[in-house]
Structures are given as structure tokens and as C-alpha cells.
Amino acid sequence: MLDVNVIREDPERIRQMLRDRNKDESVLDRFLAADEKWRALTEEGNRLRKVRNEESLKISKMKGDEKSALIAEMKKVSARIGEIEQEMAATEEARQDAILNIPNIPHPSVPIGKDENDNVVVYEWGEKRVFDFKPLTHSEIADNLGIIDFDRGTKVAGSGFYCLKGDGARLERALVSYFLDRHRDQGYTEVFPPVVVNRAAVIGTGQYPNLKDDMYHLERDDMWLNPTAEVPVTNLLQGEILEKSQLPINYTAYLPSFRREAGKHSDTHGIIRVHEFNKVEMVRFVEPEGSFDVLERLRMDAEELIREMKLPYRVLLLCTGDMSFSCAKCYDLEMYAPGEDRWLECSSCSCFTDFQARRARIKYRPAPHLKSEFVHTLNGSGLALPRTMVAILENYQNKDGTVTIPEVLRPYMRGQEVIGN
RNA sequence: GUGGAGGUGGCCCAGCCUGGUAAGGCGCUAGACUGCUAAUCUAGUGUCCGCAAGGACCCGGGGGUUCGAAUCCCCCCCUCCACGCCA
């Protein structure tokens with residue numbers, strides 16, 4: 001959520017921003033109209049309440065006819081206040097709905113563009129491997145090795161679910177442990193929050209209402225299945241006022257994530273786009289000063305893992321049109337998958353400035369006597385598991401159908417070097 | 001799930017029975033005083049509207065009663081304790 005004052009001061013700047021983001025401008029006009037009406041109603045309501053407060057106090061000191069007359073008069077005032085309050089409630093809802101649908105303002109360094117074709121490749125790292133045989137896709141490899149059981153996963157939960165098995169399940173577990181351990185080295189505290197979150201939480205990080213159709217909703221209890229650990233982890237500090245000395249707070253969490261992927265075609269196969277996947281997430285709460293420098297650091301925390309696994313990848317700076325709702329700036333990391341012969345997004349690292357903090361009311365005191373201010377939040381995947389698994393299987397596959405385990409992961413697999421022999 | 005106790009500015013806590021401007025303490029900040037510090041005294045220390053003067057709002061959330069609700073009534077949420085059930 002943006003600061004209302006920022007919108008009021010320069011609405012045209014916001015209008016331009018919505019255009020840059022390829023979003024409908026009408027939301028701004030809806031906000032401005034509702035805001036103006038809301039302010040007028042606030043003033044009138046305040047005026048009438050002042051009258052009522054003063055007169056009510058007099059009533060307590062009166063007697064007889066004079067008292068009854070004033071009570072009768074105040075009855076009318078109260079009725080009018082009631083009307084105004086009803087109108088205010090409706091106006092406020094419209095105003096709130098509008099502002100919750102205005103996205104964050106992009107950082108000046110974000111390229112202006114329409115869609116993913118306008119994203120900028122910052123750089124590529126690593127060499128694409130040259131094969132002396134035709135590399136297989138991850139599903140072919142996994143099938144041959146019996147480490148992913150697609151059919152039985154589907155049997156249990158339906159299309160878009162799968163079951164890891166044997167060394168596949170062990171590799172998954174190794175990746176989770178390795179990622180978490182490395183983030184711990186990088187200064188993050190490991191947390192394991194609930195996988196089910198409430199409405200306040202999904203509003204707090206901005207998934208609701210914009211992405212509500214992409215989340216699994218438990219209707220009976222009005223709860224959601226975690227869409228990304230960003231939600232429960234960021235909301236751990238919801239409504240809190242932190243001391244400056246507590247910042248920065250860096251959390252890392254392993255958590256299953258659930259996506260309905262509504263409306264997306266299944267142009268992918270295997271485990272590239274699934275309804276349930278594991279992910280290790282990094283979340284940082286920082287002072288506003290220098291938060292975009294922290295984004296570079298956060299991104300490097302994710303990149304280090306990919307480098308250590310020796311997987312080729314590239315860094316994309318997302319353009320205004322492709323960046324998600326709450327971001328001020330966002331990098332995607334994409335690993336190269338030779339079997340698929342395509343780049344796969346395995347991490348998204350974003351700075352949200354105070355956009356989420358305002359929604360989730362996460363503040364800090366810059367100094368003991370000063371007013372509390374909103375913190376800045378950042379997060380990044382470090383990393384999404386299935387696509388990392390795809391990249392490992394496809395990059396580390398051998399001619400004989402086996403897969404070499406990346407060196408950094410071997411300690412987590414009791415020294416095992418190869419899957420499938 | 002049942003029974004009990006609770007939820008009041010950053011923190012603690014009074015007020016609720018018996019409706020009438022939310023008391024006090026701690027912490028923090030500024031000023032005064034003081035060789036320094038401490039103590040003490042004074043003021044400030046939530047949100048919103050307003051250029052300001054000023055005003056409104058805020059007692060877990062939502063309704064209701066009333067001229068007027070922290071206080072009375074109804075519904076819901078959360079915390080703690082006990083019991084029950086359970087991996």
C-alpha cells in the first residue's frame with residue numbers, strides 16, 4: 001500500500017507509474033474520488049460529534065423541560081451522525097479497495113517495458129555444458145532412475161502434484177538442508193512458521209486481493225495454504241514496533257508452497273510448474289536507508305548457492321510491466337536446463353520498500369524520541385526446489401543415464417556421488 | 001471441545017458491578033535544578049481531518065441499547081490456566 005500523502009501530492013506521477021506498469025489507470029481515479037468524499041464526510045462527522053460531545057455533557061447537569069428538549073435535539077444529531085457514518089463506511093471501503101489495488105512505485109533504475117520481453121539480462125554466469133550425447137529432459141531422467149513418481153503423486157492429489165522417491169526424495173532433503181545452512185552462514189536466522197495463514201497475513205504481504213485466485217483457500221476456516229514463505233515469515237512481525245537496534249532482521253525458512261496456477265496452460269511438463277513445491281526463502285527487515293543496496297546483497301546470497309552447485313544461470317532485471325504488484329525492484333535468477341534447452345526461473349529477489357510494511361504495519365523507531373516509521377522489507381527465493389532439481393538432473397546427467405551429485409550436496413547425502421548405479 | 005481468568009497509548013496497570021472529558025506507574029525525549037551522574041520537578045510521548053487555529057477518533061473486532069458506552073446487551077477473534085481428546 002502506498003502512502004496516501006504520496007498519492008495526493010502528485011497524482012499524475014502515480015498515473016504515469018500505472019501506465020509504466022501496464023495497469024489500468026481507473027483505480028487511481030476511484031481512489032481520488034473516494035478520498036475526497038471521505039475527507040468531506042470526516043469533517044462533517046467531526047463537527048457534529050463535537051456538538052454532541054459538548055451538549056451531552058450539558059445534559060448531565062440539566063433538569064426538567066430544558067433537559068428533555070435538548071435530549072430530543074440530540075436525538076436528531078445522533079441520527080444524522082448515524083447517516084454520515086454509514087456513508088463513511090461505504091466510502092472508506094471504496095477508498096481502501098482502491099488503494100489496495102494500486103501497485104508499488106518502481107525504483108528509477110527499473111527499465112520501463114511492457115512485458116517479459118523487455119526484461120534486461122544483467123549477466124550470465126557459467127558455461128553451458130557441451131554434451132557428446134543428446135541430453136535428456138528431467139522427466140526422462142527421473143523416470144529412468146525411478147526418482148520421481150508422477151502417476152502416483154497425481155493419484156493422491158491430482159494433476160500438478162508429484163511424488164519424489166528414493167534418491168530423488170533424498171536429494172530434495174539435501175538441497176533444503178544445504179540452502180538453509182548456507183543462509184545461516186550468510187547471517188539469516190532459520191524459522192519454521194505455520195504453513196496455513198490467515199486473511200490478515202495475505203493482505204499484509206499483498207497477495208490478497210490481487211492474487212487471491214492463485215491461492216488455495218480453506219473456506220470453512222477462512223485460511224490460505226502458504227503461497228510463498230514470504231507471507232508467513234514477513235507477517236511474523238505484523239503490527240510490531242521494532243527498536244532500531246533490532247534491525248536488520250534476517251530470516252530464512254524452508255516451507256512448502258502452494259499455487260493453484262489458475263488460468264495458466266500446462267505448456268510445461270514434469271515438475272517445472274506444479275501446485276505444491278518446496279522453497280527456501282530469505283526475508284529481510286531493514287531501515288529505509290540503503291534498502292536497494294541490501295537487495296543486491298540478497299540477490300548475491302541466492303546466487304552464491306547456484307554458483308556453488310556450479311549451475312549456469314543468468315540474472316534478469318524485470319521491467320515495469322513484468323514486475324509483480326508489491327515490488328519496487330525485482331531480479332529473477334534463471335538456471336539453464338539443457339534437456340529442456342531453456343532458462344528456468346528459480347529465484348525472484350525483490351525490494352518492497354515500505355509497501356508491505358505499511359500493509360502489515362511493521363514499524364521501527366529510528367531513535368527513542370522519534371516517531372515510529374515503516375521498515376523496508378525484502379525477500380528472495382534461495383532457492384525454489386523443483387527447478388533446481390530440474391537443472392541438476394539435466395546439467396549433471398551422464399551418458400549412461402546416471403546423474404552425478406554436485407559436490408556441495410554430497411555431505412548431505414552421506415558422501416554419495418552418483419544417483420543410479 | 002468444556003470450564004475459568006484475561007485483552008485498556010511503546011510496556012505495566014486502574015476504571016467496568018453503579019454509563020457522563022481514560023487515572024496512575026515504567027520507559028523514552030526535552031527543559032529546569034545540580035561539579036558530573038543519579039534523584040527531583042515541569043512538559044511531551046497513539047491515529048485521522050485541517051495551511052493553521054482547532055477538532056474528531058482510539059479501551060481485542062463487529063453489531064445493538066442510549067442524548068451520551070471502556071462501562072450495559074448480543075456475536076466473533078485471540079491469550080493464559082485447568083480438564084478432555086489427539087500425532
Side-chain angles (χ1 to χ4, degrees), chain A residues 1-10 31-100 192-204 208 217-224 232 235-247 249 256 285 287 354 357-375:
Chain A
M1 185 167 71
L2 294 179
D3 184 345
V4 290
N5 291 315
V6 168
I7 306 175
R8 285 175 189 159
E9 271 165 28
D10 191 358
F31 172 77
L32 293 172
D35 186 53
E36 195 176 337
K37 190 173 175 193
W38 177 80
R39 284 202 273 180
L41 288 168
T42 299
E43 283 212 48
E44 192 183 354
N46 283 354
R47 213 190 66 235
L48 287 173
R49 268 188 291 265
K50 182 192 178 187
V51 171
R52 184 175 71 181
N53 286 344
E54 288 172 351
E55 301 303 298
S56 287
L57 198 58
K58 286 185 197 162
I59 286 173
S60 66
K61 290 161 190 154
M62 289 175 147
K63 277 183 183 161
D65 289 348
E66 202 186 18
K67 183 169 181 171
S68 328
L70 193 51
I71 286 178
E73 199 183 318
M74 284 308 105
K75 228 170 191 161
K76 284 182 205 153
V77 173
S78 271
R80 177 66 190 135
I81 290 174
E83 283 169 24
I84 289 172
E85 280 175 349
Q86 281 204 339
E87 211 178 333
M88 270 204 67
T91 309
E92 183 150 18
E93 198 182 316
R95 178 178 179 265
Q96 198 63 14
D97 180 71
I99 198 169
L100 284 178
F192 198 113
V195 184
V196 176
V197 296
N198 61 27
R199 183 175 287 260
V202 289
I203 290 176
Y208 189 93
H217 185 209
L218 307 174
E219 219 170 300
R220 183 166 173 173
D221 299 295
D222 197 25
M223 307 269 254
W224 278 264
N235 281 289
L236 287 175
L237 301 184
Q238 182 197 108
E240 297 197 24
I241 298 177
L242 307 160
E243 294 306 322
K244 182 187 165 88
S245 59
Q246 292 177 269
L247 296 177
I249 293 173
F285 304 82
E287 293 182 59
D354 61 356
R358 180 169 281 109
R359 285 181 166 228
R361 303 177 316 283
I362 306 170
K363 298 179 153 190
Y364 82 109
R365 248 177 245 291
H369 61 292
L370 289 181
K371 236 176 122 156
S372 58
E373 284 179 29
F374 292 107
V375 301

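These numbers come from the heavy atoms of this one structure, side chains and all, not from hydrogens, waters or symmetry mates. Every chain is numbered from 1, with letters handed out A, B, ... down the list of sequences. On a predicted model such as this, the values are computed, not experimentally measured, just so you know.
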Colleague: Could you tell me which residues satisfy ring-ring contact (aromatic ring centres under 6.0 Å, His included) with A/Tyr208, sequence neighbours excluded, listed by chain and number?
Modeller: A/Trp224
Colleague: Atom CD of A/Glu373 to atom P of B/G46: distance rounded to whole Å?
Modeller: 15 Å
Colleague: With rounding to the nearest 0.5 Å, note down the distance linking OH in A/Tyr364 to CD1 in A/Ile249.
Modeller: 12.5 Å
Colleague: Could you state the CD-P distance from A/Glu36 to B/G50, rounded to the nearest angstrom?
Modeller: 11 Å
Colleague: For A/Arg365 and A/Ile241, indicate whether the former's side chain and the latter's backbone hold a donor-acceptor pair under 3.5 Å.
Modeller: no
Colleague: With rounding to whole Å, what would you report as the distance between B/U45 and B/G9 at their C1' atoms?
Modeller: 9 Å
Colleague: Does the A/Ser56 side chain pair with the main chain of A/Asn53, one donor and one acceptor, at a distance under 3.5 Å?
Modeller: no
Colleague: CG of A/Asp221 versus P of B/C78: gap in Å, rounded?
Modeller: 10 Å
Colleague: Using Watson-Crick pairs (N1 to N3, plus N6-O4 or O6-N4) and G-U wobble pairs, both distances under 3.5 Å, which stems of at least 3 pairs involve RNA chain B?
Modeller: B:1-7 with B:77-83, B:10-12 with B:24-26, B:27-32 with B:40-45, B:46-49 with B:54-57, B:60-64 with B:72-76
Colleague: Return whichever of A/Lys61 or A/Glu43 has its heavy-atom-nearest nucleotide of RNA chain B closer to the 5' end.
Modeller: A/Lys61
Colleague: Considering only atom P, compute the distance from B/U37 to B/C28 and round it to an integer number of Å.
Modeller: 15 Å
Colleague: Before you tell me yes or no, could you show the steps for A/Leu100 and A/Met1 under side-chain contact (heavy atoms from CB on, under 4.5 Å), namely the whole-Å CA-CA distance, both residues' side-chain angles and the distance that decides it to 0.1 Å?
Modeller: CA-CA 6 Å; A/Leu100 284 178; A/Met1 185 167 71; 4.2 Å; yes
Colleague: Got a list of side-chain donor-acceptor pairs under 3.5 Å for residues 79-92 of chain A, not counting sequence neighbours?
Modeller:
from: A/Arg80; atom 1: NH1; to: A/Glu83; atom 2: OE1; distance (Å): 2.9
from: A/Arg80; atom 1: NH2; to: A/Glu44; atom 2: OE2; distance (Å): 3.2
from: A/Glu85; atom 1: OE2; to: A/Arg49; atom 2: NH1; distance (Å): 2.9
from: A/Thr91; atom 1: OG1; to: A/Glu87; atom 2: O; distance (Å): 2.7

Colleague: Heavy atoms only: give me the nearest A/Leu242-A/Leu247 pair and the separation to one decimal.
Modeller: CD1-CD2, 3.9 Å
Colleague: Rounding to an integer number of Å, can you tell me how far A/Gln246 CD sits from B/G10 C1'?
Modeller: 11 Å
Colleague: Check salt bridge (Lys or Arg N to Asp or Glu O under 4.0 Å) between A/Glu287 and all other residues, then give those that pass, not counting sequence neighbours.
Modeller: A/Lys244
Colleague: Measure the distance from CZ on A/Arg358 to C1' on B/U47 and round it to the nearest whole Å.
Modeller: 14 Å
Colleague: Taking only the P atom of each, what is the distance from B/U18 to B/C73 in whole angstrom?
Modeller: 10 Å
Colleague: Looking at side-chain heavy atoms only, is the closest gap between A/Arg8 and A/Arg39 below 4.5 Å?
Modeller: yes
Colleague: Please state the P separation for the pair B/G84 and B/U71 - nearest whole angstrom.
Modeller: 36 Å
Colleague: Calculate the interatomic distance between A/Gln96 atom CD and B/C48 atom C1'; express it in whole Å.
Modeller: 13 Å
Colleague: Please report the distance separating the C1' of B/U8 from the corresponding atom of B/G46, rounded so that it comes out in whole Å.
Modeller: 13 Å
Colleague: Determine the interatomic distance between P on B/G7 and the same-named atom on B/G15; round to the nearest Å.
Modeller: 10 Å
Colleague: On a whole-Å scale, what distance lies between the P atoms belonging to B/C80 and B/A32?
Modeller: 47 Å
Colleague: Could you state the CG-P distance from A/Leu48 to B/G68, rounded to the nearest angstrom?
Modeller: 13 Å
Colleague: Without decimals, in angstroms, what is the distance between A/Tyr364 OH and B/G46 P?
Modeller: 18 Å
Colleague: Which residue pairs pass the salt bridge (Lys or Arg N to Asp or Glu O under 4.0 Å) test when at least one of the two sits in residues 57-78 of chain A, sequence neighbours left out?
Modeller: A/Glu55-A/Lys58
Colleague: Need one value for A/Arg80: base, sugar-phosphate or nothing, where a base atom within 4.0 Å counts as base even if backbone is also close, heavy atoms only.
Modeller: nothing
Colleague: Quote, to the nearest angstrom, the P distance that separates B/C13 from B/A52.
Modeller: 37 Å
Colleague: Spell out protein contact along nucleotides 54-67 of chain B as letters: B when the base is contacted, S when just the sugar-phosphate is, - when no protein heavy atom is under 4.0 Å; keep the 5' to 3' order.
Modeller: -BSS---------B
